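Since the structure comes first, as structure tokens, the remarks are kept for the end.
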Amino acid sequence: MELNTSQPQHSQIVSKPSRNPILYIVCGVVIITIVLLALLIWQQKQQIASVANELTNTQKLNEELTKARQSLENKAVQKEDAPSKTGDENAQVVALAESYQKAASITTYDYKVEKLEAEFARVSFKTPYVEQCFYKKVDGTWTQIFCGVVRPSSALIKQYGIPTTLTTY
């Protein structure tokens with residue numbers, strides 16, 4: 001037997017399968033694209049769920065506001081139906097102002113109920129120096145808490161809880 005030291009022939013060469021790098025690149029790009037699309041779809045679903053949740057909360061708040069508005073409208077209608085006490089209260093303040101005028105020996109000048117708020121009233125006397133009197137309703141009776149040419153002091157305003165809308169001229 002003789003050793004064959006010659007070059008192998010073409011048919012004897014075992015061929016390896018060709019590995020084309022372009023094929024691997026294309027497969028990698030396709031896989032990455034699929035992963036990115038899946039991530040994008042998941043993110044969009046999360047945003048849609050968040051918007052739907054906000055919409056639900058907004059609708060609930062809208063319903064609560066509608067109920068509150070209807071309740072306030074009903075209360076306003078009930079107040080309109082109730083008899084008005086401002087005319088009576090105004091008359092009480094005027095009577096008190098007249099009694100103050102007499103007690104202070106003030107020559108009869110014009111006076112006017114400037115403001116009447118809840119349990120407070122401001123009456124101005126048209127004297128040469130324009131005097132202001134403040135009254136507070138205590139236990140159903142109007143009581144004078146301050147009279148003078150100037151505004152009441154801030155301590156007095158705080159002490160009696162006089163509304164700031166009443167003390168502004």
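Owing to the predicted nature of the structure, the values given are computational and were not obtained by experimental measurement.
When only modelled atom types and interatomic distance are considered, Arg151 and Gln132 share no side-chain donor-acceptor pair under 3.5 Å.
Considering only residues two or more places apart in sequence or on other chains, Glu117 meets the side chain to side chain donor-acceptor pair (under 3.5 Å) condition with Thr165. Listed by chain and residue number, Gln43, Gln44 satisfy the side-chain contact (heavy atoms from CB on, under 4.5 Å) test with Leu40 (two or more places apart in sequence, or in another chain).
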Tabulate below the donor-acceptor pairs under 3.5 Å that side-chain atoms of residues 50-59 make, not counting sequence neighbours, or state none.
| unit_1 | atom_1 | unit_2 | atom_2 | d |
| --- | --- | --- | --- | --- |
| Thr56 | OG1 | Ala52 | O | 2.9 |
| Thr58 | OG1 | Glu54 | O | 2.8 |

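Test Thr141, Thr143, Val123, Leu116 against Tyr135 for side-chain contact (heavy atoms from CB on, under 4.5 Å) and you get one pass: Val123.
Using a 4.5 Å cut-off between side-chain heavy atoms of Ile, Leu, Val, Met, Phe, Trp and Tyr, Trp42 falls into a hydrophobic cluster with Leu39. Hydrophobic clustering, defined by side-chain heavy atoms of Ile, Leu, Val, Met, Phe, Trp and Tyr closer than 4.5 Å, leaves Leu37 isolated from every other such residue.
In this structure, Pro152 and Phe134 approach most closely via the heavy-atom pair CD-CE1, 3.5 Å. The minimum heavy-atom distance linking Leu156 with Ile145 is given by the pair CD2-O, 4.1 Å. Counting all heavy atoms, side chain and backbone alike, Trp142 lies closest to Phe120 at CZ3-C, 3.7 Å.
The closest donor-acceptor contact from the side chain of Thr66 to the backbone of Asn62 lies under 3.5 Å.
Considering CD1 of Ile25 and CG of Asn20, their distance stands at 9.0 Å, rounded to 0.5 Å. From Ser154, atom OG reaches atom CD of Gln159 across 11.5 Å, with rounding to the nearest 0.5 Å. Annotation: the span from Lys67 atom NZ to Leu72 atom CG amounts to 14.5 Å, rounded to 0.5 Å.
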List the steps, then state whether side-chain contact (heavy atoms from CB on, under 4.5 Å) holds for Arg69 with Leu65. CA-CA 6 Å; Arg69 187 185 72 218; Leu65 287 173; over 6 Å; no
